[in-house]
Colleague: 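Structure provided below as structure tokens; questions to follow.
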There are 2 protein chains.
Amino acid sequence: MNVRPLTKTSNERSDATRRRLIDAGMELFGVNGFDATTTRALADAAGANLAAIPYHFGGKDGLYRAVAQAVIDGLNDQMGSFLDSVQREMDAGVGSPHQAMALIERLMADFAEVVLQRPEADNWVCFVMREQMQPTEAFSILYDSPIKRMRDLFSKLLSHVSGLEPDHVRIKLTGIELLGLVYVFRVARASTLREMGWQTINEAAYAEVRTVILESTRLILRGLQAKN
Amino acid sequence: MNVRPLTKTSNERSDATRRRLIDAGMELFGVNGFDATTTRALADAAGANLAAIPYHFGGKDGLYRAVAQAVIDGLNDQMGSFLDSVQREMDAGVGSPHQAMALIERLMADFAEVVLQRPEADNWVCFVMREQMQPTEAFSILYDSPIKRMRDLFSKLLSHVSGLEPDHVRIKLTGIELLGLVYVFRVARASTLREMGWQTINEAAYAEVRTVILESTRLILRGLQAKN
DNA sequence: CCTAACAATTCATACGTTTGTATTATGCGT
DNA sequence: ACGCATAATACAAACGTATGAATTGTTAGG
């Protein structure tokens with residue numbers, strides 16, 4: 001019944017085991033889902049003993065929650081800097097719709113880079129998508145993520161572009177739509193690869209995808225601006 | 001070892017059992033995935049006996065494949081008519097880019113209706129998305145679906161709009177992008193509801209979503225047209 | 001029209017595996 | 001030598017499937 005006894009002296013070895021288990025969980029839970037991932041597979045992948053899971057996390061569920069938290073942390077690592085950057089520029093004052101559009105395009109480019117190019121994303125994107133489709137108790141952890149920060153930034157910036165209020169229905173839905181422009185190439189990756197005749201989304205392929213995403217973004221933004 | 005003995009006289013009772021098991025599989029596999037769905041849960045939901053699964057489908061895998069096929073059939077039922085309709089009009093000759101744009105908008109509206117409004121969609125959308133993220137052997141069954149037909153229609157129509165070849169990279173990616181405009185509201189439904197403060201995507205909410213989807217579609221199409 | 005015989009299906013149950021976790025013992029640093 | 005972390009093993013529960021009996025539906029002989 002002894003779960004993470006919180007020793008004063010931070011034990012490096014146990015921290016390493018926890019981290020390895022979380023890494024393994026990110027990979028296996030993300031790819032195969034909760035039920036399809038066995039504790040034995042997790043322990044093997046982490047190079048840890050089977051009993052380390054109940055010991056460190058109280059059980060399989062606890063490890064899953066820890067992985068969810070690690071996903072958030074990873075998102076913060078990968079998205080925090082450019083979110084902060086845009087936030088700062090926004091706080092300094094958005095002079096024109098054109099400036100707001102430029103910031104949104106930057107957000108989209110950086111987000112696409114993270115979601116479609118970073119190899120680490122392979123794991124957490126699937127993890128998050130699975131929680132979207134069938135939320136567990138871990139969904140609340142994931143909801144307050146950098147992605148929500150990004151949606152909020154979108155709302156404010158889109159407000160500058162369109163002249164509508166940031167919490168206007170149209171604005172919020174458009175923000176979700178923009179994220180969808182990126183998500184679709186990850187979620188429907190299997191179909192995309194097959195349709196395009198690609199083996200992977202390599203450098204050249206990503207360049208094409210990125211172009212289309214940014215082009216569509218620009219068009220949607222320009223349309224939103226022209227309207228009001 | 002006797003699997004579906006193919007009696008001359010079609011047995012109503014066994015057909016009904018198969019159908020109930022497939023319906024239960026559509027629901028449970030779709031929502032919870034393959035591993036999280038137990039044969040006992042399937043049998044209970046179908047009001048059938050446990051042994052009916054190996055008997056009629058050869059096992060859990062066989063039932064899963066049968067459900068995948070049923071998903072295709074359902075898609076054909078729900079999308080076949082408007083796909084045929086657009087196909088006919090296209091074959092009759094697309095006179096102007098404007099006409100092609102109108103057809104694409106019709107496709108998008110009908111597709112959104114099916115994906116976001118039909119209650120039956122709740123099951124198969126999750127089923128398909130799961131196969132997208134982690135394709136099993138059933139993916140091949142699903143790939144040759146009405147959705148591929150729709151992508152092909154998009155390619156041809158987008159070709160008319162833009163002047164580019166139907167198999168041009170930009171064209172195909174734009175087709176995927178358009179589908180993403182619809183998918184995102186289903187896949188990221190949990191976040192959408194939470195973000196919008198909605199309980200469900202009811203009539204009024206759907207009207208807003210539909211407006212945004214069609215607006216974005218129009219903007220992307222117009223941009224594609226203006227470019228060449 | 002009835003009914004016995006047969007095949008097809010459903011059912012209750014049992015079996016071997018695999019699952020997650022508990023238990024106990026061993027290693028290791030302070 | 002003491003406490004924490006790891007390791008090997010054991011165990012109850014749940015899993016998918018196999019098995020044989022019971023039930024249902026169909027068909028042929030009277």
Side-chain angles (χ1 to χ4, degrees), chain A residues 1-29 31-68 136-138, chain B residues 1-29 31-68 136-138:
Chain A
M1 200 54 80
N2 199 11
V3 179
R4 253 219 270 190
L6 288 172
T7 61
K8 294 163 198 171
T9 63
S10 75
N11 201 322
E12 282 184 29
R13 208 151 83 92
S14 85
D15 283 350
T17 302
R18 271 193 287 274
R19 200 173 47 247
R20 286 203 316 276
L21 277 170
I22 287 173
D23 287 344
M26 187 104 64
E27 172 123 15
L28 294 176
F29 285 139
V31 174
N32 304 113
F34 183 82
D35 290 274
T37 304
T38 69
T39 53
R40 284 166 176 82
L42 287 165
D44 285 351
N49 189 269
L50 191 57
I53 294 168
Y55 180 76
H56 287 289
F57 301 98
K60 191 184 177 186
D61 299 309
L63 176 54
Y64 188 80
R65 275 190 298 274
V67 169
T136 70
E137 55 166 305
Chain B
M1 200 55 78
N2 198 10
V3 179
R4 252 215 276 188
L6 288 174
T7 60
K8 296 163 197 171
T9 63
S10 75
N11 202 322
E12 280 184 31
R13 206 150 85 94
S14 85
D15 283 350
T17 301
R18 272 192 287 273
R19 200 174 46 247
R20 287 203 315 276
L21 277 170
I22 287 174
D23 287 344
M26 186 103 64
E27 172 121 15
L28 294 177
F29 284 139
V31 174
N32 304 113
F34 183 81
D35 291 275
T37 304
T38 68
T39 52
R40 285 166 175 82
L42 287 164
D44 285 351
N49 189 270
L50 192 58
I53 294 169
Y55 180 77
H56 287 289
F57 301 97
K60 193 183 175 185
D61 298 318
L63 176 55
Y64 189 80
R65 275 189 297 273
V67 169
T136 70
E137 56 166 305

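Quick note: numbers below take in every heavy atom, side chains included, and nothing from hydrogens, waters or symmetry partners. These figures come from a predicted structure and were not determined experimentally.
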Colleague: What is the distance, to the nearest angstrom, from the CZ atom on Arg19(A) to the P atom on dT6(D)?
Modeller: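 Rounded to the whole Å, the gap is 12 Å.
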Colleague: To the nearest Å, how far apart are Asp44(B) CG and dC11(C) P?
Modeller: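 The answer, rounded to whole Å, is 12 Å.
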Colleague: Taking the side chain as every heavy atom from C-beta outward, state whether Tyr64(A) and Thr37(A) have any atom pair closer than 4.5 Å.
Modeller: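 A side-chain contact under 4.5 Å is absent here.
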Colleague: Taking only the side-chain nitrogens and oxygens of Thr17(B), find out if one of them lies under 4.0 Å from OP1 or OP2 of dT10(C).
Modeller: yes
Colleague: Given atom OH of Tyr55(B) and atom P of dG20(D), what is their separation to the nearest angstrom?
Modeller: 16 Å
Colleague: Using side-chain contact (heavy atoms from CB on, under 4.5 Å) as the criterion, list what pairs up with Asp35(B), not counting sequence neighbours.
Modeller: Asp35(A), Ala36(A)
Colleague: dC15(D) P sits how many Å from Asn32(B) CG, rounded?
Modeller: 12 Å
Colleague: Over how many whole Å does the gap from Ile53(A) atom CD1 to dA5(D) atom C1' extend?
Modeller: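 In whole Å, dA5(D) C1' lies 15 Å from Ile53(A) CD1.
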Colleague: So which pairs with a foot in residues 40-60 of chain B pass salt bridge (charged side-chain N to carboxylate O under 4.0 Å, His left out), sequence neighbours left out?
Modeller: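 Every candidate salt bridge (charged side-chain N to carboxylate O under 4.0 Å, His left out) pair involving residues 40-60 of chain B fails, so no pair, neighbours aside, qualifies.
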Colleague: Identify, with sequence neighbours excluded, every residue that meets side-chain contact (heavy atoms from CB on, under 4.5 Å) alongside Asn49(A).
Modeller: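 So Asn49(A) forms a side-chain contact (heavy atoms from CB on, under 4.5 Å) with Ala51(A).
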Colleague: Tell me: CG of Leu63(A) to P of dT21(C), nearest whole Å?
Modeller: 10 Å
Colleague: Tell me: CG of Asp15(B) to C1' of dG25(D), nearest whole Å?
Modeller: 14 Å
Colleague: Not counting sequence neighbours, which residues clear side-chain contact (heavy atoms from CB on, under 4.5 Å) with Ala48(A)? List them please.
Modeller: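 By the side-chain contact (heavy atoms from CB on, under 4.5 Å) rule, Ala48(A) matches Thr17(A), Arg20(A), Leu21(A), Ala46(A), Ala52(A).
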Colleague: Could you tell me whether the phosphate oxygens of dT10(C), OP1 or OP2, come under 4.0 Å of any side-chain nitrogen or oxygen in His56(B)?
Modeller: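 Answer is yes, contact under 4.0 Å.
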Colleague: Check nucleotides 13-19 of chain C against the protein and report each pair of N or O atoms closer than 3.5 Å, with its distance, or say if there are none.
Modeller:
none

Colleague: Mind calculating the distance between OH (Tyr64(A)) and P (dT21(C)) to the nearest angstrom?
Modeller: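 These atoms are roughly 15 Å apart.
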Colleague: Taking all non-hydrogen atoms of both residues into account, name the closest pair between Val67(B) and Ile22(B) and its distance.
Modeller: CG2-O, 3.7 Å
